[in-house]
Amino acid sequence: MGGTLTRTGLSFQKAKYLGSKSVCGKTVIITGSNTGIGFQTALDLARRNGRVILACRNSRKGEAARNRIIQLTGNQSVVFRHLDVSVMSSIRTFVDVIRMEEKTVDILINNAAVVNWNEAFTEEGLEETFATNYYGPFLLTTLLLDLLKKSPDSRIINVGSIASMGGSVDGDMVRVSRGFSGEEYNDSKLALLLFTKELCRKMECTGTRVMYVHPGTVRSELFRNLPWIFRFIINFIMRPFTKTPEQGAQPVLFCTLDDSVQTGGYYMDCQLYDHTMWVPKSAYDEGLAKKLWETTERVIVNCQTG
Ligand SMILES: NC(=O)c1ccc[n+]([C@@H]2O[C@H](COP(=O)([O-])OP(=O)(O)OC[C@H]3O[C@@H](n4cnc5c(N)ncnc54)[C@H](OP(=O)(O)O)[C@@H]3O)[C@@H](O)[C@H]2O)c1
């Protein structure tokens, strides 16, 4: 890793990725890239001359982000494509468009997520936080696997959270219209971690690497649905310990670009954190991961058939 990182201030929080690697000729999909960590990641990869696909649910915001990135980088190969990652039919339509337009996909960054305070369900009957943070990334990734496999050194980056430590996942669970418990964010990020580990096992012997990354605590729009007191604590009281979205993008960029990155790894602060106290033990439960995978496939098929 020598020469590719610098740590400033609170070093455990604010490592900066300094690698100069180009992504010229590579196609990158980033979900939820109109703001926050996703936008900053897209901006950086556009500067590195990638073909960057901004996969966003809001066309106005997606187009505005695209225009801003082109203005800042001069890279004309930045495009917006509509994707609501919480809606399985939207994912299927998005993948059809990608198949028509792209020969390969080299990098997929599952970044979009929500934190909800109130109960909400998607039009397909899925609990919204779980649909956005887990079911959506699962379906999008599995539908794009063949395109990813065509690329040498392709990568899938699942933007997770240290909140997965507070999550619990039961392999039999079916979170369809089951009500809101307030734990969905933690549970969905743990499910995403189990998915990362299981996908890594399934992808063995292919050139595709899959990583899970916690970006740090970032002053983004993520907490917009929480009561103002939470936002006040994160944006003001905790300010010295939190990151800007640009700083939050660094661990994601590290996983996207650095040669040292290990498939299946849990990354934080641009370092491998597997088997530390920050990673829940259940992340290594292969039986649970397999069961969760099967349950997830059933849930997604049910969405298709109504
Ligand atoms: N901020 C933190 O402290 C923190 C900590 C740990 C992990 N993370 C993770 O970092 C990632 C990025 O979060 P952030 O902090 O940058 O949050 P953010 O500023 O709220 O950005 C989230 C992005 O996801 C998009 N999005 C939400 N639901 C979507 C959907 N159904 N379909 C498509 N896009 C959707 C949002 O679009 P709209 O603008 O249209 O809503 C937005 O572009 C997330 O995975 C989050 O869990 C963040």
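Computed from a predicted structure; not experimentally measured.
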| field | Under the ring pair (Phe, Tyr, Trp, His ring centres under 6.0 Å) test, residues paired with Phe138 that sit two or more places apart | value | Phe195, Trp293
| query | Of all residues at least two apart in sequence or in a different chain, which pass the ring pair (Phe, Tyr, Trp, His ring centres under 6.0 Å) check with His82? | reply | none
With sequence neighbours excluded, what pairs up with [X] under the side chain to side chain donor-acceptor pair (under 3.5 Å) test?
| X | result |
| --- | --- |
| Thr93 | none |
| Ser86 | Asp84 |
| Asp106 | Ser151 |
| Asn75 | none |

Pair [X], [Y]: side-chain N/O donor-acceptor within cut-off below 3.5 Å:
| X | Y | result |
| --- | --- | --- |
| Arg219 | Thr242 | yes |
| Thr35 | Glu221 | yes |
| Tyr17 | Thr256 | no |
| Asn158 | Thr196 | yes |
| Glu184 | Asn116 | no |

For [Y], is there an ion pair with [X] - N to carboxylate O distance below 4.0 angstrom?
| X | Y | answer |
| --- | --- | --- |
| Lys189 | Asp187 | no |
| Lys197 | Asp285 | no |
| Arg92 | Asp96 | no |

| field | Separation of Gln40 CD from Lys243 NZ (nearest 0.5 Å) | value | 13.0 Å
Partner residues of [X] under the salt bridge (Lys or Arg N to Asp or Glu O under 4.0 Å) criterion, sequence neighbours left out:
| X | result |
| --- | --- |
| Arg231 | none |
| Glu294 | none |
| Glu246 | none |
| Glu123 | none |

| query | Closest heavy-atom contact between Asn133 and Tyr185? | reply | ND2-CD1, 3.4 Å
| Is the Tyr267-Tyr212 ring centre distance short of 6.0 angstrom? | no
| query | Between His275 and Tyr284, is the gap from one ring center to the other below 6.0 Å? | reply | yes
| request: Under the side chain to side chain donor-acceptor pair (under 3.5 Å) rule, what do Thr208 and Ser154 come out as? Steps first, then yes or no, please. | output: CA-CA 5 Å; Thr208 308; Ser154 55; 2.8 Å; yes
| said: By the side chain to side chain donor-acceptor pair (under 3.5 Å) test, which pairs, at least two apart or in different chains, include something from residues 136-150? | reply: Arg99-Asp146, Asn110-Thr141
| Any pair counted as side chain to side chain donor-acceptor pair (under 3.5 Å), so long as it reaches residues 58-68, sequence neighbours left out | Arg68-Gln71
| For Lys21 and Asp258, what are the C-alpha separation, side-chain angles and deciding distance, and is it a salt bridge (Lys or Arg N to Asp or Glu O under 4.0 Å)? | CA-CA 8 Å; Lys21 195 167 177 179; Asp258 202 80; over 6 Å; no
